[in-house]
2 protein chains.
Amino acid sequence: MELDGEEVDRLFHALADRTRRDILAQAMTGDHSVSALARRYPFSFAAVQKHVAVLEKAGLVTKQKHGREQRVVTNIQAIERARTLLDHFERLWVERLERFEAVLEEED
Amino acid sequence: MELDGEEVDRLFHALADRTRRDILAQAMTGDHSVSALARRYPFSFAAVQKHVAVLEKAGLVTKQKHGREQRVVTNIQAIERARTLLDHFERLWVERLERFEAVLEEED
DNA sequence: ATAATCTACAACTAAATGGTTGTAGATTCT
DNA sequence: AGAATCTACAACCATTTAGTTGTAGATTAT
């Protein structure tokens, strides 16, 4: 598993904004159109539309057309992906600790 | 647990850069000074120093002075924190699924 | 003592980010 | 048919970001 790549950049960058995290949380709990989401924030429709686009490029959401509306649907796999990446970081740390403990064992 | 706040912004933003993720991975596997880290990248010392500062403000690393060196040490709790935040997102999604399933049960 | 190394920080630049307004095409409502 | 709604996208602006070079203070090595 690679910890580099622009895909990962986009994923964490999308999560690094309060409004986008809130939009994502909204989309997690129910289906909302872009304009329904936009009404919840003190920003223009276009601003919220851009945030959704950032989430979409990060793979965190997709859009489904329903008539004139565009429903924002979460992609739970992208969250799993982010978690897996963090797990790999943690493992590096744990493995180092284990190596350290192995050395202590030898010293006995 | 809050999913908002500038602290969280800083955390995910720090992770949203390939070089910083790599620096973090290096710091996870062993102790390195800032200049030792800087030598591994095709950037100036100052650039790497800034990346470390971003990681530090995000709480992902701390610095420990050893003589003229500054050792970069990871703070595993910050990674745990990020994982916990992602877990909360996932839970929103799962809870929604459960509500949905409960409705289906009722219909029987 | 002097030179080399490590760090901190300021000043600068180009590009990206997050917001705005405005225009225009689809779709739905009356 | 005409009005209202939803979306897409361009153009613009202010701020932040990620890089640079340069200067200066502390510490270590010769």
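The sequence lines fix the lettering, A, B, ..., with proteins before strands; numbering per chain opens at 1. Just the heavy atoms: all of them, side chains too, but no hydrogens, waters or symmetry mates, feed the values below. Since this is a predicted model, take the numbers as computed values, not measurements.
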Rounded to the Å, how far apart are [X] [atom1] and [N] [atom2]?
X	N	atom1	atom2	result
A/Leu37	D/dA8	CG	P	12 Å
B/Tyr41	D/dT20	OH	P	14 Å
A/His32	D/dT5	NE2	P	20 Å
A/Arg71	D/dC6	CZ	P	12 Å
A/Gln70	D/dT5	CD	P	19 Å

**OP:** May I have all residue pairs that pass salt bridge (Lys or Arg N to Asp or Glu O under 4.0 Å) and include part of residues 24-44 of chain B, sequence neighbours excluded?
**Re:**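 Checked against salt bridge (Lys or Arg N to Asp or Glu O under 4.0 Å) - neighbours excluded - the pairs reaching residues 24-44 of chain B are A/Arg96-B/Asp31.
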Subject >> Pairwise salt bridge (Lys or Arg N to Asp or Glu O under 4.0 Å) hits with a residue in residues 42-65 of chain A, at least two apart >> reply: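 Those involving residues 42-65 of chain A are A/Glu56-A/Lys63.
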**OP:** Give the C-alpha distance, both sets of side-chain angles, the deciding distance and a yes or no for side chain to side chain contact (heavy atoms under 4.5 Å, CB included) between B/Leu24 and B/Arg21.
**Re:** CA-CA 5 Å; B/Leu24 190 57; B/Arg21 285 193 302 276; 5.5 Å; no
Using the test side chain to side chain donor-acceptor pair (under 3.5 Å), find all partners of [X] that sit at least two apart in sequence or belong to another chain.
X	answer
A/Glu69	A/Arg71
A/Arg68	none
B/Arg99	none

Original post:
Is it true that a side-chain atom of B/Arg20 and a backbone atom of B/His13 form a donor plus acceptor pair closer than 3.5 Å?
Top reply: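 At least one qualifying donor-acceptor pair exists.
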Nucleotide N/O to protein N/O under 3.5 Å, stretch nucleotides 13-15 of chain C:
none

OP1 or OP2 of [N] under 4.0 Å from side-chain N/O of [X]:
X	N	answer
A/Ser35	D/dT5	no
B/Lys63	C/dT7	no
A/Gln49	D/dT7	no
A/Arg10	C/dA16	no

**OP:** Using side chain to side chain contact (heavy atoms under 4.5 Å, CB included) as the criterion, list what pairs up with B/Ser44, not counting sequence neighbours.
**Re:**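 In terms of side chain to side chain contact (heavy atoms under 4.5 Å, CB included), with neighbours along the sequence ignored, B/Ser44 is linked to B/Ala46, B/Ala47.
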Original post:
For every nucleotide of nucleotides 17-30 of chain C, 5' to 3': is a protein heavy atom under 4.0 Å from its base (B), only from its sugar-phosphate (S), or from neither (-)?
Top reply: SSBBB-----BB--
Original post:
Does A/Glu80 have any salt bridge (charged side-chain N to carboxylate O under 4.0 Å, His left out) partners at least two apart in sequence or in another chain, and if so, which?
Top reply: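 Testing A/Glu80 for salt bridge (charged side-chain N to carboxylate O under 4.0 Å, His left out), a comparison that skips the adjacent residues, returns none.
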